Number of protein chains: 2
Amino acid sequence: MKLDPVNILKEHDLKHTKQRVRVLEEIALDTVAISQPELEKKLGKEIDRVTLYRILNTYEEKGIVHRIMDLNGTANYALCSSACSEDHHHDEHVHFNCTTCGKIYCLEVTVPKIKMPAGFTAKTVNTTTYGTCEKCNALIAASA
Amino acid sequence: MKLDPVNILKEHDLKHTKQRVRVLEEIALDTVAISQPELEKKLGKEIDRVTLYRILNTYEEKGIVHRIMDLNGTANYALCSSACSEDHHHDEHVHFNCTTCGKIYCLEVTVPKIKMPAGFTAKTVNTTTYGTCEKCNALIAASA
DNA sequence: GTAGGGAATGCCATAAGATTGCAAGTGCTT
DNA sequence: AAGCACTTGCAATCTTATGGCATTCCCTAC
């Protein structure tokens with residue numbers, strides 16, 4: 001289970017194409033999730049818009065990437081941890097959406113159990129919290 | 001502080017128009033959040049598409065409604081509790097997005113403190129959890 | 001009660017974002 | 001090396017969102 005794009009593709013029975021590798025590379029560049037528009041801007045000259053959509057959908061279905069929606073309804077993508085697979089995304093996941101810079105971080109913290117009302121099952125507890133990230137906090141502190 | 005649409009509008013210095021009242025009525029019909037497409041379908045013949053966008057934006061800015069994004073990036077709206085105001089949305093809020101029927105519930109449970117990594121401030125802890133709601137659970141149980 | 005001013009609405013056009021069908025190209029297997 | 005299936009890129013289409021402007025409507029002052 002490596003972070004090497006070629007291995008990841010093989011493990012999920014996906015054909016090895018240069019477009020797919022490029023997309024994986026871009027997403028893997030940072031632990032911070034990257035937004036669809038950003039990906040499009042970076043890869044738009046190498047990869048067709050539609051292909052990018054399709055690749056991202058495939059990756060999500062296969063459990064290779066997480067798709068996280070930000071406050072504007074824009075899709076953001078981040079690599080899944082190795083615990084994710086096709087039929088079972090990593091259950092305990094906290095995303096942090098900075099409301100200042102817009103970046104989405106995947107936090108490696110345990111999610112406290114939220115008490116559900118009777119009848120509700122939190123099958124996939126996938127929580128997103130909003131606030132200010134460390135970089136933006138530093139900037140705010142500096143300018144104060 | 002009433003749930004009467006006319007009062008709500010007055011309290012937020014908004015003109016009383018029939019379109020605004022209708023939108024508030026629709027949203028207030030259910031504790032479950034209603035999606036933009038649903039609203040449009042229900043009100044499309046009375047209210048212009050563009051007007052609906054503008055009204056919803058206004059309501060969100062004024063702190064009258066919450067906007068919650070579902071997994072598809074679609075906006076869903078629900079009435080804010082009385083604790084919300086223009087400059088300070090209710091901080092502790094848990095939304096529950098049913099992955100089966102798509103409905104979004106506003107849960108009246110307290111949000112457990114999530115331990116943030118150093119430097120991160122969870123200014124507005126606005127958590128959304130995904131799973132199966134009581135109705136869908138009942139249906140699943142019945143068909144099993 | 002009514003006249004006037006400012007805001008809200010509706011319609012138009014336009015932009016941005018997402019999806020589908022199909023022909024051509026590419027990777028994988030034998 | 002050849003064939004097949006999958007993938008890609010392009011064009012067309014559709015949905016969703018935004019901006020400008022004339023008309024209408026609400027609220028206030030008189």
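The sequence lines fix the lettering, A, B, ..., with proteins before strands; numbering per chain opens at 1. Here the structure is a predicted model, which is why all the values come from computation and not from measurement. Hydrogens, waters and symmetry mates are skipped; everything else that's a heavy atom, side chains included, is used.
The side chain of Arg49(A) has dA18(C) as its nearest neighbour among dT16(D), dT9(C), dA18(C). With dC27(D), dT18(D), dG17(C) as the choices, the nucleotide that has an atom nearest any side-chain atom of Val50(B) turns out to be dT18(D). Among the nucleotides dT16(D), dC11(C), dG9(D), the one closest to the side chain of Asp48(B) is dC11(C). Listed nucleotides dT8(D), dC21(D), dT7(D) differ in distance to Arg54(B); the shortest reach to its side chain belongs to dC21(D).
Rounded to a whole Å, the CG atom of Leu39(A) is 12 Å from the P atom of dA18(C). Whole-Å rounding puts the Ile55(A) CD1 to dT7(D) P distance at 10 Å. Taking atom OH on Tyr53(A) and atom C1' on dT16(D), their separation rounds to 12 Å, with Å as the unit. Straight-line distance from the CD atom of Glu38(B) to the C1' atom of dT16(D): 16 Å, rounded to whole Å. Here the P atom of nucleotide dT7(D) and the CG atom of Leu52(A) are 15 Å apart, to the nearest Å. For the pair Glu40(A) CD and dA16(C) C1', the computed distance is 10 Å after rounding to whole Å. Counting to the nearest Å, the C1' atom of dT7(D) and the CG atom of Leu14(A) are 11 Å from each other. In this entry the distance linking CG of Asn72(A) with P of dA18(C) reads 12 Å, nearest Å.
The pair Glu38(B)-Lys42(B) does not meet the salt-bridge criterion, since no charged nitrogen lies less than 4.0 angstrom from a carboxylate oxygen.
In this structure, Thr17(A) reaches the dT8(D) phosphate: one of its side-chain N or O atoms is under 4.0 Å from OP1 or OP2. Note on Gln19(A): a side-chain N or O is less than 4.0 Å away from OP1 or OP2 of dG9(D). In terms of phosphate contacts, Arg20(B) brings a side-chain nitrogen or oxygen within less than 4.0 Å of OP1 or OP2 of dA8(C). An OP1 or OP2 oxygen of dT7(D) is reached within less than 4.0 angstrom by no side-chain nitrogen or oxygen of Thr51(A).
Note that the OG1 atom of Thr51(A) and the CG atom of Leu56(A) stand 10.5 Å from one another [nearest 0.5 Å]. Here Ile55(A) contributes atom CD1 and Gln19(A) contributes atom CD; the two are 6.0 Å apart, rounded to the nearest 0.5 Å. Atom CD of residue Gln36(B) and atom CG of residue Asp70(B) lie 11.5 Å apart, to the nearest 0.5 angstrom.
Tyr105(B) has its ring centre less than 6.0 Å from the ring centre of Phe120(A).
Nearest-nucleotide positions on DNA chain D place Thr58(A) closer to the 5' end than the other of Thr58(A) and Lys15(B).
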* Can you check side chain to side chain contact (heavy atoms under 4.5 Å, CB included) on Arg20(A) and Leu9(A), steps first, answer last? -> CA-CA 8 Å; Arg20(A) 284 182 174 161; Leu9(A) 291 176; 4.1 Å; yes

* To do: Please test Cys106(B) against His95(B) for side chain to side chain contact (heavy atoms under 4.5 Å, CB included), starting from the C-alpha separation and ending with a verdict.
  => CA-CA 5 Å; Cys106(B) 295; His95(B) 295 119; 3.5 Å; yes

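Only one option out of Val65(A), Ile8(A), Leu79(A) pairs with Tyr59(A) in a side chain to side chain contact (heavy atoms under 4.5 Å, CB included); it is Val65(A).
If you check every strand for non-hydrogen atoms under 4.0 Å, Glu46(B) touches sugar and phosphate atoms only.
If one axis is set at each end of the helix from dG1(C)-dC30(D) to dT30(C)-dA1(D) from five pairs, those axes are 40° apart, to 10°.
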